[in-house]
Number of protein chains: 2
Amino acid sequence: MEFTQTLRDQELKVTPQRLALLEEIEHAGHIDVDALYAILKMSFPAISLATVYKNVSQMYELKILEVIKVPDRKLQYEIAKAPHIHLACDQCGNVLDMNKCIDELMFSAESESGFKLNHSAVVLNGLCPSCQSA
Amino acid sequence: MEFTQTLRDQELKVTPQRLALLEEIEHAGHIDVDALYAILKMSFPAISLATVYKNVSQMYELKILEVIKVPDRKLQYEIAKAPHIHLACDQCGNVLDMNKCIDELMFSAESESGFKLNHSAVVLNGLCPSCQSA
DNA sequence: AACTTAAATAATAATTTTTATTATTTAGTT
DNA sequence: AACTAAATAATAAAAATTATTATTTAAGTT
Ligand SMILES: [Mn+2]
Ligand SMILES: [Mn+2]
Ligand SMILES: [Zn+2]
Ligand SMILES: [Zn+2]
């Protein structure tokens with residue numbers, strides 16, 4: 001797996017728990033600690049919730065993971081990747097990525113405010129196509 | 001005060017605690033529950049933390065307040081107003097509003113994704129002008 | 001392949017954060 | 001002034017997160 005290298009790069013030991021955690025986050029796309037714990041318990045019945053907490057926090061600090069906040073939900077973790085926009089459906093709960101460039105926005109925000117920016121979080125809420133029909 | 005009318009419009013009783021809470025949020029711009037509680041205790045030594053929690057939650061549901069999440073900080077409440085962008089300084093902690101229009105972004109996100117959007121949250125992080133000098 | 005050691009894990013306790021409960025007080029009405 | 005539903009303060013309970021510690025394990029070394 002490529003996550004083996006990710007962990008080695010950050011000098012974290014490659015444990016089965018960590019690999020499963022990363023693979024599950026990748027598979028889910030965006031997931032909170034509770035859901036992650038519930039899923040990991042299937043393959044690791046003895047896994048501790050504290051291990052999940054510690055690992056996601058640690059990997060967030062090391063920028064292996066990114067975190068997003070959708071209104072009224074717990075923090076959602078995802079594999080860190082290029083900055084992107086999040087679309088969250090209020091009905092079905094789906095969160096999906098949109099690879100829309102926000103460089104222009106960042107750039108103009110910088111020049112207008114004088115800030116030197118290094119991070120962006122954009123979360124848009126509404127109804128996804130299928131929930132509009134239903 | 002104009003917050004008297006705000007509360008009446010939402011059929012909330014106009015209590016001194018609520019008025020002070022709203023005035024302090026307005027004054028602070030963006031503030032979390034703990035800081036709000038600490039400040040309100042100065043004028044209301046007997047105020048309960050649960051009252052602060054209940055009121056901000058209630059006012060958020062009624063859309064009197066809006067909430068924002070700055071990475072690595074507790075939820076910050078503000079008086080609800082027109083959608084705007086948030087700039088947060090990682091050094092000094094300042095959070096300021098930027099009245100930049102994101103309608104174009106919302107509109108193109110809608111047409112590209114098929115979502116029907118009703119809310120946006122944009123938080124940009126970096127260093128404010130004065131923290132860059134220091 | 002066995003040995004060593006620092007790090008990770010599981011179990012658990014403790015802390016922090018948030019919500020629920022209830023008796024008392026109060027705002028808004030009659 | 002009296003009435004009533006809602007708000008508050010105090011407190012308990014629950015939920016979320018972090019800390020502690022004994023045991024296990026990954027990864028390097030012989
Ligand atoms: Mn994403
Ligand atoms: Mn704001
Ligand atoms: Zn949906
Ligand atoms: Zn600053």
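What you are looking at is a predicted structure, and each value in this text was computed from that prediction instead of being measured.
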Quiz item: Under 3.5 Å, is there a donor-acceptor pair between the B:D72 and A:Y60 side chains?
Solution: yes
Practice problem: Side-chain contact test, heavy atoms from C-beta onward, threshold under 4.5 Å: evaluate it for B:L124 versus A:M106 and give yes or no. | Solution: yes
Exercise. Answer yes or no: is there an ion pair linking A:R73 with A:D32, defined by an N-O contact shorter than 4.0 Å?
Key: no
Quiz item: Tell me: CZ of A:R8 to C1' of D:dA27, nearest whole Å?
Solution: 9 Å
Self-check item: A:L12 side chain, from C-beta outward: closest of C:dT26, C:dA8, C:dT9
Solution: C:dA8
Practice problem: Return the value, rounded to whole Å, for the distance between atom CZ of A:F44 and atom C1' of C:dA8. | Solution: 13 Å
Exercise. Provide, to the nearest angstrom, the distance between the CG atom belonging to A:D9 and the P atom belonging to D:dA27.
Key: 13 Å
Practice problem: Could you state the atom-to-atom distance from CG of A:L49 to P of C:dT9 in whole Å? | Solution: 13 Å
Quiz item: Over how many whole Å does the gap from B:Y60 atom OH to C:dT18 atom P extend?
Solution: 14 Å
Self-check item: Value in whole Å for how far the P atom of D:dA26 lies from CG of A:N55
Solution: 14 Å
Quiz prompt | Proximity to the side chain of A:A50 - top-ranked nucleotide from D:dT17, C:dA7, C:dT12 | solution = C:dT12
Practice problem: Show the numbers, then the answer: is there a side chain to side chain contact (heavy atoms under 4.5 Å, CB included) between A:M98 and A:V122? | Solution: CA-CA 10 Å; A:M98 187 172 158; A:V122 182; over 6 Å; no
Quiz prompt | Nearest to side-chain heavy atoms of B:A46, which nucleotide of C:dT17, D:dA10, D:dA16 | solution = D:dA10
Exercise. Measure from the side chain of A:T15, starting at C-beta and using heavy atoms only, and say which of C:dT18, C:dA10, C:dA8 lies closest.
Key: C:dA8
Quiz item: Is A:P16 touching bases, backbone alone, or none of the nucleic acid, heavy atoms closer than 4.0 Å?
Solution: sugar-phosphate
Quiz item: With sugar-phosphate meaning primed atoms plus P, OP1 and OP2, does A:T51 contact a base, only sugar-phosphate, or nothing at under 4.0 Å between heavy atoms?
Solution: base
Self-check item: Minimum-distance nucleotide to A:R18 side chain [options: C:dT17, D:dT17, C:dT9]
Solution: C:dT9
Quiz item: Among C:dT17, C:dA10, C:dA7, which nucleotide sits nearest the side chain of A:K13?
Solution: C:dA7
Quiz item: Whole Å only: how far is the NZ atom of A:K41 from the P atom of C:dT9?
Solution: 17 Å
Self-check item: Contact nearer the 5' end of DNA chain C, comparing B:D34 with A:P45
Solution: A:P45
Quiz item: Contact class for A:V14 vs. all strands (heavy atom < 4.0 Å): base, sugar-phosphate, or nothing?
Solution: sugar-phosphate
Practice problem: Go through D:dT18, C:dT18, D:dA7 for me and flag the one nearest to the A:S57 side chain. | Solution: D:dT18
Practice problem: Using the closest heavy atom to pick a nucleotide of DNA chain C for each, name whichever of A:Q17 or B:V33 lands nearer the 5' end. | Solution: A:Q17
Quiz item: Which nucleotide in the set C:dT9, D:dA9, D:dA16 lies at the smallest distance from any side-chain heavy atom of A:Y53?
Solution: D:dA16
Quiz item: At under 4.0 Å between heavy atoms, what does B:K54 touch on the DNA or RNA strands: base, sugar-phosphate, or nothing?
Solution: base
Exercise. Return yes if some donor-acceptor pair links the side-chain N/O of B:E66 with the main-chain N/O of B:E78 below 3.5 Å, else return no.
Key: no
Quiz item: Whole-Å distance between C:dT19 C1' and B:Y37 OH?
Solution: 15 Å
Quiz item: In Å, rounded to the nearest 0.5 Å, how long is the span from NE2 of B:H30 to CD1 of B:I68?
Solution: 4.5 Å
